[in-house]
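See structure below.
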Amino acid sequence: MNQVALERGRMKAPPLRGAGGGRRTEDGRPRTALGRRLAAVRRRRSAVVGGVIVLLVLGTALLSLVWTPHPYQEQDLGRAILPPFWMPGGQTSFALGTDLNGRDLLSRIMVGAQASLFVGIASVLVGGALGVTLGLLAGYFGGWFESLVMRLVDVQLSMPGVLLAIAILAAIGKGLLNVVLVLGIVSWVQYARFVRGSTLAVKGQEYVAAARAVGATHSRIVWRHVFPNILPPLLTVSTINVSSNILAESALSYLGVGVPLSTVTWGGMLNEGKNLFELAWWNAAWPGLAILLIVFGINLLGDGLNDASS
Amino acid sequence: MGGLLLQRVWQGVVVLFAVSLFSFVLIFLSGDPVAALVPLNARQEDIANIRHQYNLDQPLPVQYLLFLGRAARGDMGESFRYRTPALPLVLSRLPNTVLLAVVSLLLTALVSLPLGILAARYGGPLDTLASFLSLLAISMPSFWLGVIFIIVFAGALRWLPASGAGTWKQLILPTLTVSTFSIGLLTRLVRRSVGETLRREFVTVARAKGLKEAHILWGHVLRNSAIPIVTVMGLQFGALLGGSVVVETVFAWPGVGWLMIQAIEARDLPVIRAAVLILAVFIVVINLLVDLIYTWLDPRIKLGARP
């Protein structure tokens, strides 16, 4: 009976949230050698474009730590809702315009990159650490522990992640670290299930049996032999998870249950800007474009990594 | 067949049990629930009274059983904000949320299935375009897309209303916004799944037999690609129900999601609890239905003997 459940679990698993199997080699069927080569180049090129976008945003976030065109909190009602520089009334020193309090939007977009990247990366570390550990142990040792972990995975997967995150944040309150924690908890299942599957596959290999035969301890086998072998696909899953968590963070902050407005986030900026849309559409446009750019870049990179590893 | 179904129902019960435990604990995560009920200057004995009235002076397991018993009878407590029972309040908003999810799922299927199949079958520029657009779609922040739709179609062009529900015109923008992500996701999946099936040996055999391409595609390829597609569509329905929390708020769409966000702002814990439970029950039922569709699509699953 358990076997069926596990089979079903595995079958149902990969496409969810596009993480595990959602982005495996998608490429159809180049029939000739030339076609295959062209496809490979195209894939690599998209990965390169994705990588450049990610580096650009990362660089912006780092730059904003030491320099922004204007102090990002500086208010001046005399220059409230200035339009972008190319529109009538715009000023080149406020290239993307200003918000209702006269704060420079370009500076705030730059600073907002910090929170997005921090939440994206930190939450993946939290979820990854939790999921990889439990998945490795479940796959390697099996037994009741495996059943328990996999049942927990089943339960959590039947709830949409956003809903779960909103419910928990509603209870524990908003905050940057709370968002990291909650997104980590929401995403651990993807790692646990995928790592357990890979561990089961690796466990059957001869070199693991050989390591055990020469007297290696379980913990040595798990960390020195099994873990390095599941690392490449793990990186792909993590990359794509960074983008989905950035998207989730911006939605939570937009809804007002994520990062409080005292920290500049793109979701929060959009929350502040959405009611100005008739008056100053740029307040809502730039933060969303920034989110789209970084998420698109990471997804491109993830697709490229996925193609390369399979 | 009966055994598998029974097992799936049992699994659904386990999930519901876990969700009930989660929504029970939820209230305690926020600190002392009494604090949400009484004014700041409440007297000590008033607080004790309320604690007793809500059974908060009982041991936690007893409280949980009381909670389960009441929930089973449809009593999810009273909304702090509206002073009416929480469950009917949530249920009255459910049809709007389900309507949005169903229409979005239909739109998703209508766009993704043909697009994914054509991309996998013919490749070339169409494939490149479909890949690009679907990647863009899954990278799109839905709430931003919604705001942009409002700016363009409600603000600048004045074609469609920006908010509310009741007429078909009000359904258009929320549906487009909710569907974008799932269209991207499903197109990618259909394209990959059909592409993989097209490379299988039985397709070559069918071609060698001289079968028409259309027959191969509809009779052999789609039937074999159907399982992952149905899986994801079932899961997407759950995701649409959950994701609608965000989009409902953007468009002031009077569904469970928007109600939940308003309840969070008002710290209306019984309503939050009821909304989470109702959505979860709904999703469990949908998953069960998807399982039934499986056994129809792939008889091997009935026997529990998948290769």
Side-chain angles (χ1 to χ4, degrees), chain A residues 1 3-5 7-8 11-12 14-18 22-30 42 151-152 154-155 158-164 166-173 243 247 250-251 254-257 267 270 273-274 277-278 281 284-285 287-289 291-292 295-296 298-300 303, chain B residues 4 7 11 14-15 18-19 22-23 26-27 29-30 119-120 123 127-128 131 135-136 138-145 147-148 150-151 155 185 188-189 191-192 195 198-199 227-228 231-232 235 238-239 241-243 245-246 249-250 260-261 264-265 272 276 279-280 283-284 287 301 304 306:
Chain A
M1 145 171 168
Q3 192 52 33
V4 182
E7 289 293 346
R8 268 265 318 156
M11 193 172 58
K12 196 165 184 169
L16 188 92
R17 288 180 203 148
R23 309 175 196 225
R24 223 142 268 171
T25 327
E26 282 196 28
D27 195 75
R29 347 144 283 116
R42 195 191 60 192
R151 189 47 56 90
L152 214 59
D154 279 346
V155 167
S158 46
M159 286 286 283
V162 186
L163 195 64
L164 206 59
I166 291 175
I168 301 178
L169 280 169
I172 65 175
S243 77
L247 213 50
S250 65
Y254 170 80
L255 289 174
V257 296
L270 201 73
K274 68 170 189 286
F277 68 84
E278 302 229 27
W281 54 265
L289 271 181
I291 300 165
L292 180 60
V295 173
F296 187 69
I298 298 175
N299 282 341
L300 269 181
D303 271 7
Chain B
L4 183 82
Q7 186 198 332
Q11 205 164 335
V14 171
V15 169
V19 170
F22 171 73
S23 59
L26 206 57
I27 286 195
L29 286 179
S30 59
D127 188 22
T128 311
S131 306
L135 191 69
L136 197 66
I138 61 168
S139 308
M140 189 76 75
S142 61
F143 48 97
W144 180 67
L145 189 66
V147 172
I148 295 297
I150 291 178
I151 292 177
L185 193 71
R188 284 163 65 91
L189 180 88
R191 174 177 170 275
R192 195 185 69 227
L198 278 171
R199 284 194 300 273
I227 292 251
T231 309
V232 168
L235 288 172
L241 283 174
V245 176
V246 182
T249 309
V250 174
M260 189 167 138
I261 292 297
I264 288 172
E265 281 164 7
I272 303 176
V276 170
L279 288 179
I283 291 164
V284 167
N287 284 344
I301 293 176
R306 272 182 68 76

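Owing to the predicted nature of the structure, the values given are computational and were not obtained by experimental measurement. A note on names: the letters A, B, ... follow the listed sequences, proteins ahead of strands, and every chain is numbered from 1.
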To the closest 0.5 Å, what do you measure between [atom1] ([X]) and [atom2] ([Y])?
| X | Y | atom1 | atom2 | result |
| --- | --- | --- | --- | --- |
| B:M140 | A:I291 | CE | CD1 | 11.5 Å |
| B:R188 | A:D303 | CZ | CG | 4.5 Å |
| B:F143 | A:L270 | CZ | CG | 6.0 Å |

A:W281 (side chain) donor-acceptor with B:I148 (main chain) under 3.5 angstrom =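 Checked: no pair found.
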Side chains of [X] and [Y] in contact at under 4.5 Å (non-hydrogen atoms):
| X | Y | value |
| --- | --- | --- |
| B:V15 | A:D154 | no |
| B:V250 | A:K274 | no |
| B:F22 | A:I168 | yes |
| A:Y254 | B:P141 | no |

So which part of A:L292 gets closer than 4.5 Å to some heavy atom of chain B, the side chain, the backbone, both or neither?
->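 When you check distances to chain B, atoms from both the backbone and side chain of A:L292 fall under 4.5 Å.
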Of the backbone (N, CA, C, O) and the side chain (C-beta and beyond), which part of A:L289 lies under 4.5 Å from a heavy atom of chain B, both, or neither?
->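 Both parts, backbone and side chain.
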Segment of [X] engaging chain A (4.5 angstrom heavy-atom cut-off):
| X | result |
| --- | --- |
| B:V147 | side chain |
| B:L136 | both |
| B:I151 | both |
| B:L279 | side chain |
| B:V19 | side chain |

Would you mind telling me which of B:V284, B:I261, B:V276 has the largest number of heavy-atom pairs within less than 4.5 Å of chain A?
->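 Result: the option with the highest number of such pairs is B:I261.
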Select, from A:V162, A:V257, A:L247, the one with the greatest count of heavy-atom pairs under 4.5 Å involving chain B.
->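 Among the listed options, the one with the most contacts to chain B is A:L247.
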